[in-house]
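Taking it in order: structure first as structure tokens, then the write-up.
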Amino acid sequence: MPEKQLPFTHKQLSAILEKYPTPFHLYDEKAIRKNARAFAKAFSWNRGFKEFFAVKACPNPYIMKILHTEGFGADCSSMAELLLAQKTGITGEEIMFSSNDTPAAEFVQARKLKATINLDDITHIDFLEKHAGLPDLICCRYNPGPLKKGNVIIGHPEEAKYGFTREQLFEGYRICRDKGIRRFGIHTMVASNELDPDYFVETAEILFHLIVELSHALNIRFEFANLSGGFGIPYRPEQKAIDLKAMTRGIREKYEKIITAGGLAPLKIFTESGRFITGPHGYLVSKVLHIKDTYKKFAGLDASMAHLMRPALYGAYHHITVVGKESRPHDVMYDVTGSLCENNDKFAIDRMLPRLAPGDTVVIHDAGAHGHSMGFNYNGKLRSAELLLREDGSVVQIRRAETVKDYFVTLDFKGLKKFEG
Ligand SMILES: *Cc1c(COP(=O)(O)O)cnc(C)c1O
């Protein structure tokens, strides 16, 4: 099996480990920038193309700032994510607010920042108007239902909680038009971690056709089509990355055939990719605490699913490199576990690895998106630090690890003294 590469030498890693205790997440700035540029370049035929990095994938302002310097905006879906974008210097139409089941205060904040609002439901038109007033640009999220097959993470579109039905879209844009809104966009997200480029070409085609129909039926003009995220990454060493050029070539053909030929150009293409941008370029670095030999062999790490939940949540594969033992035979089968009192707290099940010993450093790959950000404090586990490997090889801490003090900060122990029980 091909081995996944690490962006640092053993010597570099030893120096980092001397300074920062495990577990921590480490992001590779050089690779993130290179990847961001390749992504934008693949869409550069489309004037006005913009990627709004899905903040939830890696909500760290340093990462967001790096991506902002590459021309990316921010896709936010909560109050904290909106504020994070603002603090990073990303405001106005550089923010796409793609939320669902949205609290009023978040619409108010999004309007305050002049973010582009992407509505998840037809009832949100009135809700937005009542609580925050209507903007002059609105986007609606389309759920194609049975017209489109979904995938494992997001499920079948008709089972998904997101978006307007087709009929509701016509009605929704009509209501918005009649209320005086003049600028329009459309959004859909039907897949997550999809590796087949044709899937995105087909999604674009569905949206383009819909834009033609809506434009004619309602006499409105669309400024953008937001293809959102869901672009997959090769978690397994034998998987292949999406061929970006082939994908965007396919999208361009549909664009010319449907949008240009239909007289509806220019139409900007937007994306809200998270995983594709940072996923492969973040690593969870951890150490083996214990080797346990019972009915199975277990390698217990100092990280747990509180630091990377995907294997436990979706049964997702994450490649594991044992530092310094890369070329040894992978001839021992382990369940690689964390320390939560939950039996699904496993990074890998029945994984063939070199013989492990306490103290070994293991690197879990592809933890740069939906990794640290999905962390939680169950069992009193504390969230780890985030480090950035800079282009010059230096390392900066971009988020410190939580301490027990952080964990207790919401509790009132003074009150407890007076509390009779
Ligand atoms: C999660 C999400 C994204 C990003 O998904 P990735 O799989 O990280 O590309 C984009 N848009 C919306 C609305 C999302 O919910």
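Atoms within a ligand are numbered from 1 in the order they appear, just like the ligands themselves. Along the sequence shown, the residues carry numbers beginning at 1.
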Exercise for the section: Using the ring pair (Phe, Tyr, Trp, His ring centres under 6.0 Å) rule, collect all pairs that involve residues 7-33, keeping only residues at least two apart or in two chains. Expected result: His25-His372
Problem - Test of ring centre spacing under 6.0 Å for Phe52 and Phe270 - result: yes
Problem - Verdict with supporting geometry, Thr22 and Asp302, side chain to side chain donor-acceptor pair (under 3.5 Å) - result: CA-CA 7 Å; Thr22 54; Asp302 61 5; 2.5 Å; yes
Handout entry: Lys30 with Asp392: basic N within carboxylate O range, under 4.0 Å
Key = no
Practice task
Could you tell me whether Lys56 and Glu81 have a side-chain N and a carboxylate O separated by less than 4.0 Å?
Solution key: no
Handout entry: Neighbour list for ligand 1 [protein residues, heavy atom under 4.0 Å]
Key = Ala54, Lys56, Asp75, Ser98, Arg141, Met189, Ser192, Gly229, Gly230, Glu272, Ser273, Gly274, Arg275, His370
Exercise for the section: Examine Arg252 relative to Phe43 and say whether NZ or CZ is less than 6.0 Å from the centre of the six-membered ring and inside a 45° cone about the ring axis. Expected result: no
